[in-house]
Trainee: 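Quick one: this structure, given as structure tokens, is what I'll be asking you about.
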Amino acid sequence: MNKTLLLFKTMVKMHFSMVGKDEKFKFNVFIISIALIPIGIMWMFLLNTIISSLYLVLEPTGHESIIIATGLVLTGILLLFTSIPSILSSFYFAEDIEDYLAMPFHPYQLVIGKSLAPLLTIYGLSAVIIVPILFFYGLASGGGILFALNGFLTFIFFPLIPFILSSLMVMVLMRYANISKNKDRTKLVAGMFSLFLIVGFNVIIRLNQDTEQLSQGFATWVEQQDQLLWNFTKFLPNVYAATNALEVEVWWHSILFLILFLLITVIAMALFIVFGQRFYYQGVLGIAGGGKGKKVANIETRTSSRSILWSYTIKELKTIIRTPAFFMNCVINSLFAPFFIFIMMFIDENIGAMADTLQSIAPKSILLAMFLFSLFVLGTNATATSSISREGTNWFTNLYMPIQPKTILYGKLLAAWIVEFVSIVLLLILFGFVINVPIIVLLLWLILVIGGSWISNLIGVYIDIYNPKLNWNDEQQVFKSRFAPLLSLLILFFGFGTLVLSLWFLPFVTNVWITFLILSIVIGASIYFTQRKLIQTVHNQFMYIMEK
Amino acid sequence: MIQFQNVTKSYSGDKKAVDQLNLTIPDGKIFGFLGPNGAGKSTTIKMLTGILPIDEGTITINSFDISKHPLEAKKTFGYVPDSPNMFLRLKGIEYLNFIGDVYDIPTDQRKEKIEYLTKEFGIYEVLNDAIQTYSHGMRQKVIVSGVLLHDPDVWILDEPLTGLDPKSSYKLKEMMREHARKGKTVFFSTHVLEVVEQLCDQVAIINNGKLEFTGQMDDMREKFNTEGSLEQLFLELTNHE
Ligand SMILES: Nc1ncnc2c1ncn2[C@@H]1O[C@H](COP(=O)(O)OP(=O)(O)O)[C@@H](O)[C@H]1O
Ligand SMILES: [Mg+2]
């Protein structure tokens with residue numbers, strides 16, 4: 001046990017070694033916290049409204065605890081799926097695994113130590129979901145000390161079970177599927193798998209929704225699903241136990257269920273250790289080997305040379321496409337939003353109606369809405385905000401070769417822009433063929449959004465230069481616990497959001513052409529100034545990036 | 001020719017990784033930079049190649065100041081870093097083509113040269129595999145091939161022989177000799193005295209960031225024999241592997 005603790009402590013130390021040292025980081029945390037306050041308040045407000053109104057309706061029927069059950073089930077499912085990629089990368093694909101494998105640790109000790117990173121993600125997620133749900137439920141039901149205590153214990157122990165379930169799934173899968181032979185493909189498949197699960201889950205929920213019933217009120221609907229849900233929780237005994245423990249009317253009843261809940265968790269933890277001991281090594285050993293070299297007799301050497309800029313851009317793109325963590329985060333995730341909307345649209349029978357309504361909306365408003373929405377989709381793209389960080393400790397390779405800092409900058413910008421262009425094409429299809437936006441508006445939008453993509457990448461790279469994360473030992477870490485993407489999105493959104501809103505409401509801007517003109521002037525000007533500033537920054541900071 | 005003038009570097013705090021270094025590496029010689037682990041060799045080489053900013057002093061390569069004219073200076077040298085784990089997602093051939101693009105190698109020479117070099121080092125067969133699948137030595141060979149591909153005047157190699165098999169090690173040494181014979185510059189670091197004795201015309205010894213000695217090989221041996229204070233250093237340089 002001592003050794004397990006030691007291992008865990010070492011991993012904690014390594015995980016946090018780069019965090020929170022400098023002033024800039026603190027400043028970023030501060031700015032982002034402030035920007036997140038309104039979003040947080042909205043989230044709290046939403047949850048509070050849902051919970052308190054549901055409670056009002058359900059309390060007379062005695063079904064109110066279904067609120068907690070629903071909350072826990074949904075959170076559990078969310079945690080189950082979101083933790084799979086991080087478990088995979090932490091247990092199996094982290095670069096430092098090899099170092100630990102050579103040390104005299106039991107498999108279960110390594111597995112416990114390696115749980116740190118996924119657990120952090122999981123607790124972060126459940127802190128913003130479970131805690132407010134329990135809090136507002138407690139407010140509505142007037143729960144006392146016992147409720148608070150049980151709620152606290154629920155928060156601490158509830159997330160463990162979904163985590164353990166996904167870990168077991170992953171460990172068994174890695175053991176038997178023997179997919180470890182191809183590390184990269186496995187990572188990719190796993191990432192895609194959980195994405196599609198989330199999409200599929202949404203589709204199922206939407207298909208099952210009876211709109212008729214929905215309009216009668218959510219509460220009635222929940223009541224009708226009551227039996228179903230309770231049956232469902234039988235398969236998730238910890239939800240059942242936790243929900244009952246949180247029903248504090250009869251105190252000994254509550255305590256009994258609390259003990260049951262803790263017992264279930266302890267059993268799950270024991271299972272985790274046993275399975276870890278049994279399966280972990282069998283899956284992880286051999287991963288370190290890498291792929292087999294296939295002999296190719298005829299080496300095809302490309303005979304046309306490229307310009308340095310283009311060669312560099314291609315190198316960047318190849319790296320993104322071939323590195324599963326980069327591909328998932330930079331390409332696939334950004335396709336997700338448009339793709340998701342596609343599905344929603346196709347499922348919805350009202351799509352015809354939407355195209356009709358569009359005819360009656362002013363082209364100006366359509367253009368503005370489309371532009372803002374696209375900015376959101378592009379702003380979530382992680383390619384630009386990771387462009388320096390992706391290099392990791394190999395950043396130095398940019399320094400000794402005779403390539404202008406400016407060229408490197410443009411190469412990275414161009415790569416990010418090409419990646420984003422894929423999203424733009426998808427949006428173009430969505431707007432043009434599914435929603436049937438008028439062709440003129442569509443063309444104006446395309447011009448604006450191509451510029452918008454460039455400015456969003458300028459901002460992204462700029463942020464990344466000032467606070468790159470170069471000391472990672474697993475590619476997934478490039479995208480973990482970083483503020484750069486969020487900061488970039490917020491800047492973009494606050495900047496262009498206010499502009500779009502004022503254009504929307506300004507009475508004298510009615511014409512779509514004038515709107516287009518104003519937007520393109522603003523975009524052009526911001527590109528001009530940001531780009532100048534960025535080139536200057538790169539020129540000055542180029543050699544010092546490694547030292548940040 | 002490479003010239004260091006009063007070059008100083010510290011990473012953090014007072015301890016200097018490199019302290020007031022003055023050194024001239026002439027053309028036509030193989031120059032060994034010898035010192036135990038942590039002596040400051042890599043730090044020196046990183047400043048020389050423009051990877052690390054220089055705190056004090058100047059470095060010139062073929063009379064180009066690396067801080068003032070980085071691009072011109074960088075065009076004149078080829079660098080083999082101490083750890084060859086880079087460009088891992090590219091295939092060997094893609095990496096070499098990238099180098100070809102960066103250093104403007106005419107395409108008609110490229111194919112022939114790549115074929116010749118990689119066959120010499122025995123990595124021709126794996127050129128279509130990602131560098132990630134290469135062993136340490138193979139990664140090193142592909143990077144050395146990249147340097148030889150653009151054929152710079154100045155070679156800078158950080159512990160180049162570590163991890164190479166005897167045959168490749170021999171080949172690389174031969175190539176270094178050949179390059180020096182042509183009147184070009186070869187500057188490499190090592191922590192192994194033996195390597196310096198086999199290969200070098202001139203040597204500089206660095207310890208704790210300070211230059212302990214610079215000169216001909218024969219003078220070095222004499223210095224080790226006569227100065228008792230160097231005994232510990234001598235042990236560190238010979239008791240290896
Ligand atoms: N990135 C760094 N940050 C802080 N100290 C460093 C760093 N790199 C090297 N050092 C320190 O500088 C000194 C010289 O290191 P280095 O030049 O790598 O030695 P060598 O290559 O001769 O083995 C050592 O004391 C080392 O600890
Ligand atoms: Mg070194």
Side-chain angles (χ1 to χ4, degrees), chain A residues 95 183-184 289-324 326-327 390-408 411 475 539 541-547, chain B residues 11-12 45-46 48-54 67 70-79 81 83 85-108 110-115 118 124-130 132-135 138 150 152 156:
Chain A
E95 298 294 325
K183 191 168 158 174
D184 284 358
K292 65 252 160 263
K294 47 190 179 303
K295 294 234 154 120
V296 179
N298 190 20
I299 304 297
E300 204 52 55
T301 44
R302 178 169 43 76
T303 44
S304 69
S305 61
R306 297 165 168 148
S307 73
I308 298 186
L309 174 64
W310 191 232
S311 194
Y312 194 92
T313 309
I314 299 222
K315 182 215 92 181
E316 283 288 296
L317 287 172
K318 276 184 178 153
T319 311
I320 291 175
I321 291 170
R322 290 180 189 166
T323 313
F326 297 168
F327 188 68
R390 280 198 309 268
E391 303 258 5
T393 44
N394 278 337
W395 167 252
F396 77 89
T397 54
N398 291 302
L399 295 168
Y400 68 80
M401 284 197 249
I403 312 177
Q404 295 265 24
K406 220 163 78 178
T407 311
I408 289 170
E475 290 115 356
H539 191 77
Q541 299 282 320
F542 194 55
M543 282 190 78
Y544 300 93
I545 286 174
M546 206 79 179
E547 306 198 327
Chain B
Y11 285 101
S12 55
I45 288 180
K46 281 176 184 163
L48 169 64
T49 50
I51 293 170
L52 278 179
I54 304 167
S67 308
L71 216 64
E72 289 82 354
K74 285 172 190 175
K75 277 182 184 154
T76 63
F77 69 77
Y79 166 55
S83 144
N85 306 317
M86 44 205 230
F87 299 103
L88 296 182
R89 299 282 173 184
L90 295 187
K91 295 171 183 167
I93 187 68
E94 289 170 343
Y95 170 72
L96 292 174
N97 261 313
F98 177 67
I99 293 296
D101 291 336
V102 169
Y103 290 91
D104 281 326
I105 316 291
T107 33
D108 47 328
R110 231 182 251 190
K111 188 170 172 154
E112 206 178 309
K113 253 179 141 171
I114 289 178
E115 217 175 293
T118 52
Y124 180 74
E125 304 287 307
V126 294
L127 276 185
N128 272 342
D129 294 339
Q132 189 154 44
T133 64
Y134 294 9
S135 71
M138 288 156 79
H150 70 91
I156 301 166

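Computed from a predicted model, the values in this text were never measured in an experiment.
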Trainee: Chain B: which of Met401(A), Lys315(A), Glu391(A) shares the most heavy-atom pairs with it under 4.5 Å?
Mentor: Met401(A)
Trainee: Using the test side chain to side chain donor-acceptor pair (under 3.5 Å), find all partners of Lys318(A) that sit at least two apart in sequence or belong to another chain.
Mentor: Glu94(B)
Trainee: Got a sec, which residues hit side chain to side chain donor-acceptor pair (under 3.5 Å) with Ser135(B), two or more places apart in sequence or on another chain?
Mentor: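 So Ser135(B) forms no side chain to side chain donor-acceptor pair (under 3.5 Å) with any residue.
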Trainee: Quick check on Pro81(B) against chain A: is it the side chain, the backbone, both or neither that has a heavy atom closer than 4.5 Å?
Mentor: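 The side chain, not the backbone.
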Trainee: Check step by step if side chain to side chain contact (heavy atoms under 4.5 Å, CB included) holds for Lys113(B) and His150(B).
Mentor: CA-CA 10 Å; Lys113(B) 253 179 141 171; His150(B) 70 91; over 6 Å; no
Trainee: Which heavy atom of Tyr11(B) sits nearest to which heavy atom of Leu52(B), and what is that distance?
Mentor: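 Tyr11(B) and Leu52(B) have their closest heavy atoms at OH-CD1, 3.4 Å.
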Trainee: Counting only heavy atoms closer than 4.5 Å, note whether Asn85(B) contacts chain A via side chain, backbone, both or neither.
Mentor: backbone
Trainee: Gln404(A) versus chain B, heavy atoms under 4.5 Å apart: side chain, backbone, both or neither?
Mentor: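 For Gln404(A), the contact with chain B is made by backbone and side chain together.
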Trainee: At their closest point, which heavy atom of Met138(B) faces which heavy atom of Val126(B), and how far apart are they?
Mentor: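 Here Met138(B) and Val126(B) meet closest at CE-CG2, 3.8 Å.
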Trainee: Run the side chain to side chain contact (heavy atoms under 4.5 Å, CB included) check on Asn128(B) and Ile93(B) step by step: do they pass?
Mentor: CA-CA 6 Å; Asn128(B) 272 342; Ile93(B) 187 68; 3.6 Å; yes
Trainee: Considering only heavy atoms and a distance below 4.5 Å, find which of Tyr400(A), Trp395(A), Tyr312(A) pairs most often with chain B.
Mentor: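 The option with the most such pairs is Tyr400(A).
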Trainee: Give the member of Thr397(A), Thr319(A), Thr393(A) that has the highest number of heavy-atom pairs under 4.5 Å with chain B.
Mentor: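 Going by pairs under 4.5 Å, I would pick Thr397(A).
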Trainee: Where does Tyr134(B) contact chain A at under 4.5 Å (heavy atoms): side chain, backbone, both or neither?
Mentor: neither
